[in-house]
2 protein chains.
Amino acid sequence: MGRDKAWTVEAVAERLGVTPRTLHYYEEMGLIPNVQRTPGGHRLYDEETIERIEHILRLKDALGYSLQEIRSILSTEDQLRTYRERIREGREPEHNLHMLEESVRLLEDVLQHIDEKMAKLAAMREQYLDRLARIRARLDREALHRSLDKPIDSEGQ
Amino acid sequence: MGRDKAWTVEAVAERLGVTPRTLHYYEEMGLIPNVQRTPGGHRLYDEETIERIEHILRLKDALGYSLQEIRSILSTEDQLRTYRERIREGREPEHNLHMLEESVRLLEDVLQHIDEKMAKLAAMREQYLDRLARIRARLDREALHRSLDKPIDSEGQ
DNA sequence: ACCCAATCTTACGTTGACGTGAGTTTCAGA
DNA sequence: TCTGAAACTCACGTCAACGTAAGATTGGGT
């Protein structure tokens, strides 16, 4: 089972642009279960766990979800993964239909959330692009004035 | 000067989906200056102010800016507006070039922020669309199984 | 074997963005 | 004019998401 490079808290924290405390806190909140440990108790993060944390940070920063909401989203996704594995093992899970439907509902909610946010952002983008264009035009006029009013002054230290 | 329909706090709050306290707080933080008042001291919001508040809410909810950051963004935009008015009055503002450049920088920062966020959202959208498609496929297979295993049961109450 | 930097747990502190009374004053309609 | 609903101003409370300090333990290089 190959690529099990282990990362320390500080390494992961620096890589993801957060502090160790944040990683501890997420674990404490139940967002990242089953973090590996050294015999002495130091945390070790594998690539899969780091990707999970990156997912958490995207849900938080880009979508603005609270950690509680993220936990519920992740737990549903975890349930789904568990379900997949049970299927692969040939076991017959109960309540699979219900669970699948719930997953669909959750994913649709998240997608709608994403779409709404993208729409808002697109509108704001247009608005700000417009403003920027106007100011740039004015800046050009300003520069023109100066070049006419004052003597030529290229490369003034 | 035309359309000066005045709104009360509760009306504005309900329209924007916030509480009166939030509007008070934004004013207290210096995000919405010059709110009109009745002789008795009750606040009156005109259309322009409401649009400003909507702008604030977009910057907060869609872009995730803190109120401090929003204040600095708005103050720069206000400066720009003041500058425009001074130009129209024929007065000659000082430091206009510097101010325009600063405005450009700020707007570029916001735009970059928007673009980064949209990129993240687009990536997440793809990812979630993919997952949703997979689950829907599995749901279809489940439904098929059931329709084969069990007797026909159309329109079960 | 040693040492010091990194990590651990525990627990209280902080900050932003409001929530929530309390007591008073204002407004709009009958 | 009168009255109840709505608004006002303090001012303290709350909650999420970490920050931070303390004291003990661990791990990797010389």
For this session: Please list, chain by chain and in numerical order, all residues satisfying side-chain hydrogen bond (donor to acceptor under 3.5 Å, both in side chains) with Ser66(B), sequence neighbours excluded.
Result: Glu69(B)

Exercise. What nucleotide among dG19(C), dC27(C), dA17(D) has an atom nearest to a side-chain atom of Tyr25(A)?
Worked result: dA17(D)

Exercise. Taking only residues two or more places apart in sequence, or in another chain, which ones meet Thr19(B) in a side-chain hydrogen bond (donor to acceptor under 3.5 Å, both in side chains)?
Worked result: Thr22(B)

Exercise. Got a sec? Which of residues 51-60 of chain A come in under 4.0 Å of DNA chain D, heavy atoms?
Worked result: Lys60(A)

For this session: Using whole Å, report how far CG of Leu23(B) lies from C1' of dC18(C).
Result: 12 Å

Exercise. Tell me, which of residues 61-74 of chain B have any heavy atom that sits under 4.0 Å from an atom in DNA chain C?
Worked result: Ser66(B), Leu67(B)

Exercise. Mind checking whether Val9(B) and His24(B) have side chains closer than 4.5 Å, heavy atoms only?
Worked result: yes

Problem set entry | Whole angstrom value for the distance that separates P of dA28(C) from CH2 of Trp7(B) | 16 Å

Exercise. Roughly, in whole Å, what's the span from CD in Glu27(A) to C1' in dC18(D)?
Worked result: 15 Å

Exercise. Bend across the helix from dA1(C)-dT30(D) to dA30(C)-dT1(D), to 10°, with axes taken over 5 pairs at each end?
Worked result: 20°

Problem set entry | Leu63(B) and Arg58(B), any side-chain heavy atoms less than 4.5 Å apart | no

For this session: Please identify each residue that fulfils salt bridge (Lys or Arg N to Asp or Glu O under 4.0 Å) with Glu51(B), with sequence neighbours left out.
Result: none

Could you list, one pair per line, each protein nitrogen or oxygen that sits under 3.5 Å from a nitrogen or oxygen of nucleotides 6-10 of chain C, together with the distance?
{"from": "dT7(C)", "atom 1": "OP1", "to": "Thr8(A)", "atom 2": "OG1", "distance (Å)": "3.0"}
{"from": "dC8(C)", "atom 1": "OP1", "to": "Arg43(A)", "atom 2": "N", "distance (Å)": "2.7"}
{"from": "dC8(C)", "atom 1": "OP1", "to": "Arg43(A)", "atom 2": "NE", "distance (Å)": "2.9"}
{"from": "dC8(C)", "atom 1": "OP2", "to": "His24(A)", "atom 2": "NE2", "distance (Å)": "2.9"}
{"from": "dT9(C)", "atom 1": "OP1", "to": "Arg37(A)", "atom 2": "NH1", "distance (Å)": "3.1"}
{"from": "dT9(C)", "atom 1": "OP1", "to": "Arg37(A)", "atom 2": "NH2", "distance (Å)": "3.4"}
{"from": "dT9(C)", "atom 1": "OP2", "to": "Arg43(A)", "atom 2": "NH2", "distance (Å)": "2.2"}

Exercise. Can you check whether Tyr45(A)'s main-chain N or O pairs, donor with acceptor, with Thr49(A)'s side chain at less than 3.5 Å?
Worked result: no

Exercise. Looking only at side-chain N and O atoms, does Tyr26(A) come under 4.0 Å of OP1 or OP2 in dC18(D)?
Worked result: yes

Exercise. Does the side chain of Val35(B) come within less than 4.5 Å of Leu44(B)'s, by heavy atoms?
Worked result: no

For this session: Evaluate the side-chain proximity of Leu100(A) to Tyr83(A): yes if any heavy-atom separation is below 4.5 Å, no if none is.
Result: yes

Exercise. Going by the side-chain hydrogen bond (donor to acceptor under 3.5 Å, both in side chains) test, which pairs reach into residues 122-133 of chain A, not counting sequence neighbours?
Worked result: Arg125(A)-Asp115(B), Tyr128(A)-His55(B), Tyr128(A)-Glu77(B), Asp130(A)-Arg134(A), Arg131(A)-Glu77(B)

Seminar exercise, completed: side-chain hydrogen bond (donor to acceptor under 3.5 Å, both in side chains) pairs touching residues 6-15 of chain A, sequence neighbours excluded, are Arg15(A)-Glu47(A)

Exercise. Taking all atoms of both residues into account, what is the closest heavy-atom pair of Ile114(A) and Leu121(B), and its distance?
Worked result: CG2-O, 3.8 Å

For this session: Take Arg52(A) and Asp46(A), measure what salt bridge (Lys or Arg N to Asp or Glu O under 4.0 Å) needs, and give me the verdict at the end.
Result: CA-CA 10 Å; Arg52(A) 185 187 181 91; Asp46(A) 56 16; over 6 Å; no

Exercise. Taking only N and O in the side chain of Thr38(B), is any of them less than 4.0 Å away from OP1 or OP2 of dC27(C)?
Worked result: yes

For this session: Please identify each residue that fulfils salt bridge (Lys or Arg N to Asp or Glu O under 4.0 Å) with Arg37(B), with sequence neighbours left out.
Result: Glu27(B)

Exercise. Does Thr22(A) make a side-chain N or O approach to OP1 or OP2 of dA17(D) shorter than 4.0 Å?
Worked result: no

Exercise. Under 4.5 Å between any side-chain heavy atoms of Leu67(B) and Tyr25(B), yes or no?
Worked result: yes

Exercise. Arg138(B) versus Arg141(B): any side-chain heavy-atom pair under 4.5 Å?
Worked result: yes

Side-chain polar contacts of residues 101-111 of chain B - donor-acceptor pairs under 3.5 angstrom, sequence neighbours left out - could you list them?
{"from": "Ser103(B)", "atom 1": "OG", "to": "Met99(B)", "atom 2": "O", "distance (Å)": "3.0"}
{"from": "Glu108(B)", "atom 1": "OE2", "to": "Arg136(A)", "atom 2": "NH2", "distance (Å)": "2.3"}

Atom pairs, N/O to N/O, protein against nucleotides 28-30 of chain D, distance under 3.5 Å?
none

